[in-house]
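Following: one structure in structure tokens, then a few remarks.
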Amino acid sequence: DTPPAPLDRGDLPIPADWRLPEQPPLWLEGAGLSLFGMRGLETVGREQERDALWGTLRETAGDRRPRVVALLGPAGVGKSQLLEWFGRSAHIHGAALCLSARCEQGLTAGLVKALKVALRVEGLALPAVARRLQATLQYTTYNSLGALARLLGPGEDARGGTEPRKPLSSEAITEALVHCLQTLTEHSRVLLRLDDLHLSEEPPALLAALAQRVSGPLVIALGAREPA
């Protein structure tokens, strides 16, 4: 049997304040400048924006209804940094399962990659992808499972065959992704970060479907440049 993916916890009580108590600096004996490049950049300022993002996550946890928040602005104003902070803080507090998608190659491609990482199916053959998804998401019908497995895995039949399959229609892709996110929200709060959404040339139908049809505790936080 294939074990379920060890999903990150996203169902812990969310503190009213995202700020962590100050900790004394940790001195590592014998550590030098070689570790400096491994340090992440801390987010400084933007407390009003961070309060608003954190409040959105708490509201979603409270009424278990989806929300969309958009960070818009020209290049270089810190949209990606705020999105990164949002996901990191939610993860630290166990407040949500975080999916992070960059949309340079399209919204669908970014979301598929994010789900591959979260569901731990990268590099698996398609039958193994289907087994992992079934163990994790407990799908009850092959059609739902098969479509998602084809999205997240290689191109053979999810039952193990090797005959070429017709590409999934845009409607089938939307149904598979909506069903997947709906199932995830039944187990955990979900934070979906979509960065560089302005680079996606896809029509907004998928984004609208996610926002309107997923009924659980989902926050979609998107970053995009404002249209000229």
Side-chain angles (χ1 to χ4, degrees), residues 7-21 40-103 107-108 110-115 117-119 174 177-200 202 204-227:
L7 297 177
D8 294 334
R9 289 290 299 273
D11 56 358
L12 299 181
I14 304 179
D17 196 338
W18 50 266
R19 297 165 181 83
L20 295 171
L41 295 176
E42 294 187 7
T43 302
V44 178
R46 297 294 185 90
E47 296 205 358
Q48 182 176 354
E49 290 88 344
R50 289 193 276 175
D51 285 341
L53 290 172
W54 197 250
T56 299
L57 185 56
R58 282 175 51 82
E59 290 171 2
T60 296
D63 60 18
R64 299 186 65 80
R65 296 176 59 187
R67 285 172 172 79
V68 178
V69 58
L71 304 180
L72 305 177
V77 299
K79 302 182 298 297
S80 297
Q81 181 71 10
L82 272 176
L83 287 176
E84 176 66 26
W85 168 85
F86 196 16
R88 184 173 64 250
S89 297
H91 174 75
I92 289 173
H93 289 286
L97 168 65
C98 299
L99 307 176
S100 180
R102 301 189 68 88
C103 302
L107 172 57
T108 299
L111 183 51
V112 164
K113 184 175 181 180
L115 288 171
V117 173
L119 296 170
T174 297
L177 293 175
V178 167
H179 192 176
C180 179
L181 284 175
Q182 178 64 52
T183 303
L184 288 174
T185 62
E186 294 169 3
H187 299 278
S188 169
R189 297 180 290 265
V190 177
L191 170 59
L192 173 59
R193 296 180 295 163
L194 303 175
D195 201 6
D196 291 330
L197 188 60
H198 59 281
L199 297 178
S200 175
E202 296 179 40
L206 174 58
L207 181 59
L210 296 176
Q212 296 170 7
R213 294 176 53 193
V214 176
S215 59
L218 168 68
V219 175
I220 301 175
L222 60 92
R225 294 183 191 175
E226 290 180 309

Mind checking whether [X] and [Y] have side chains closer than 4.5 Å, heavy atoms only?
X      : Y      : result
Cys98  : Phe86  : no
Pro66  : Thr185 : no
Thr174 : Leu210 : no
Val214 : Ile220 : no
Leu115 : Leu177 : yes
Glu49  : Leu71  : no
Leu53  : Trp18  : no
Leu7   : His187 : no

Does the salt bridge (charged side-chain N to carboxylate O under 4.0 Å, His left out) test come out yes or no for Arg193 and Glu84, once each step is laid out? CA-CA 8 Å; Arg193 296 180 295 163; Glu84 176 66 26; 3.5 Å; yes
Working to the nearest 0.5 Å, report the span between [atom1] of [X] and [atom2] of [Y].
X      : Y      : atom1 : atom2 : answer
Arg67  : Leu218 : CZ    : CG    : 11.0 Å
Leu191 : Leu99  : CG    : CG    : 8.0 Å
Leu194 : Leu83  : CG    : CG    : 8.5 Å
His93  : Asp17  : NE2   : CG    : 8.0 Å

Looking only at atom types and distance, does a side-chain atom of [X] sit under 3.5 Å from a main-chain N or O of [Y], one as donor and one as acceptor?
X      : Y      : answer
Arg189 : Leu12  : yes
Ser188 : Leu184 : no
Lys113 : Ser100 : no
Glu186 : Gly216 : no
Ser200 : Cys103 : no

Would you name the heavy atoms of [X] and [Y] that are closest together and state the gap between them?
X      : Y      : value
Ser215 : Gln182 : N-OE1, 2.8 Å
Glu202 : Leu206 : OE1-CD2, 4.5 Å
Gly110 : Ala101 : O-CB, 3.3 Å
Trp54  : Ala95  : CH2-CB, 4.3 Å
Ile14  : Arg58  : O-NH1, 2.8 Å
Lys79  : Leu72  : CD-C, 3.9 Å

Can you establish whether the number of heavy atoms outside His91 located under 6.0 Å from its atom NE2 is more than 12? no
Quick one: do Asp51 and Arg19 make a salt bridge, cutoff under 4.0 Å? yes
Name the one of Asp195, Leu207, Val69 that satisfies side-chain contact (heavy atoms from CB on, under 4.5 Å) with Leu222? Leu207
